[in-house]
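To start, the structure under review is shown below, and the notes come after it.
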Amino acid sequence: MGQLTGAVARAIPPPPDWDSVADKIGFATVNHLRNYVGGVPEAPSQEDINQATTAPLPQLDISTREQDTLTPKVPEEFEKGPIIFDIGKTPAVETKDESKPFVLSDPKDGIDSVDVEKPKKMELEEPPVPKKIIFDIPKPATPPTTVEVPKPGKIIFDIPKPQNQTIDTPTPKGGEVEIPIPK
């Protein structure tokens, strides 16, 4: 098997260098396109870009010829003092009102009523009345009215009693103990 595997490996050519294949295709495509489109121009410098994109702002003439000699025209009433305005003494303003009222109609008015036949009720035959089935179930006997409740007896627990043991507790000398009082 090893000899067969080696023979197959020697029979298959090694794979191509795909980067060099891509470069050859790219250069051929660019050269072919130059015949139709022309060459690629050189990139512009930063100075060329700045000259092409900046333009001087136009100078605006904001002066007026009679700027210093203009005085506003004010009616004489304003120079006499405060004006008292009474709406009753003002002349009526004539208006031309050509608008016309309109009525919102009920949307159901334009629909013709159509008589629709009501569906007929289907008459069904009455179902047969089931027969009465009578079961003969005996009644339970009446329970006795008095029942003796058993009285509970004494409950005895078998708890082991502790054995007589003496515990030596230390006693201070003098027989009395002073308990400290917190402050």
Side-chain angles (χ1 to χ4, degrees), residues 15-143 145-147 149 152 178-183:
D17 182 15
W18 291 112
D19 290 332
S20 66
V21 171
D23 289 340
K24 288 179 184 178
I25 293 173
F27 290 135
T29 305
V30 169
N31 289 333
H32 189 67
L33 283 176
R34 276 193 191 139
N35 295 336
Y36 294 104
V37 181
V40 177
E42 290 293 323
S45 66
Q46 185 65 39
E47 202 173 301
D48 295 337
I49 293 172
N50 290 343
Q51 286 179 357
T53 56
T54 56
L57 295 174
Q59 295 295 328
L60 300 176
D61 182 19
I62 56 171
S63 64
T64 56
R65 289 181 224 148
E66 301 156 354
Q67 181 175 348
D68 299 328
T69 60
L70 291 176
T71 56
K73 292 183 181 179
V74 179
E76 294 174 10
E77 299 168 349
F78 288 105
E79 294 175 3
K80 292 180 184 175
I83 298 173
I84 299 170
F85 182 74
D86 185 15
I87 198 164
K89 294 181 182 176
T90 58
V93 178
E94 292 182 27
T95 58
K96 293 182 179 180
D97 189 10
E98 297 177 2
S99 63
K100 297 177 183 176
F102 60 92
V103 178
L104 294 175
S105 61
D106 188 8
K108 293 187 282 183
D109 289 343
I111 299 174
D112 295 334
S113 62
V114 178
D115 292 333
V116 178
E117 293 181 17
K118 293 182 181 177
K120 296 179 181 178
K121 290 184 179 179
M122 294 180 63
E123 295 181 15
L124 298 175
E125 296 179 10
E126 291 185 22
V129 179
K131 296 179 181 176
K132 290 185 180 180
I133 301 173
I134 300 173
F135 293 101
D136 200 11
I137 301 174
K139 291 185 179 181
T142 56
T145 56
T146 58
V147 176
V149 179
E178 264 187 52
I179 299 174
I181 300 172
K183 293 181 181 178

Only counting residues at least two apart or in another chain, list the ones meeting side-chain contact (heavy atoms from CB on, under 4.5 Å) with [X].
X: Ile25; value: Val21, Thr29
X: Thr53; value: Ile49
X: Thr90; value: Phe85, Ile87

Among all residues two or more places apart in sequence or in another chain, which pass the side chain to side chain donor-acceptor pair (under 3.5 Å) test with Asp61?
Ser63
Go through the structure and list residues passing side chain to side chain donor-acceptor pair (under 3.5 Å) with Asn35, not counting sequence neighbours.
none
Would you please say whether a donor-acceptor pair under 3.5 Å links the side chains of Ser99 and Asp97?
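Side-chain D/A pair, Ser99 to Asp97: present.
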Suppose the criterion is side chain to side chain donor-acceptor pair (under 3.5 Å): which pairs have a residue in residues 19-28, not counting sequence neighbours?
none
Once side chain to side chain donor-acceptor pair (under 3.5 Å) is applied, what residue pairs with a partner in residues 36-46 remain, sequence neighbours excluded?
Ser45-Asp48, Gln46-Asn50
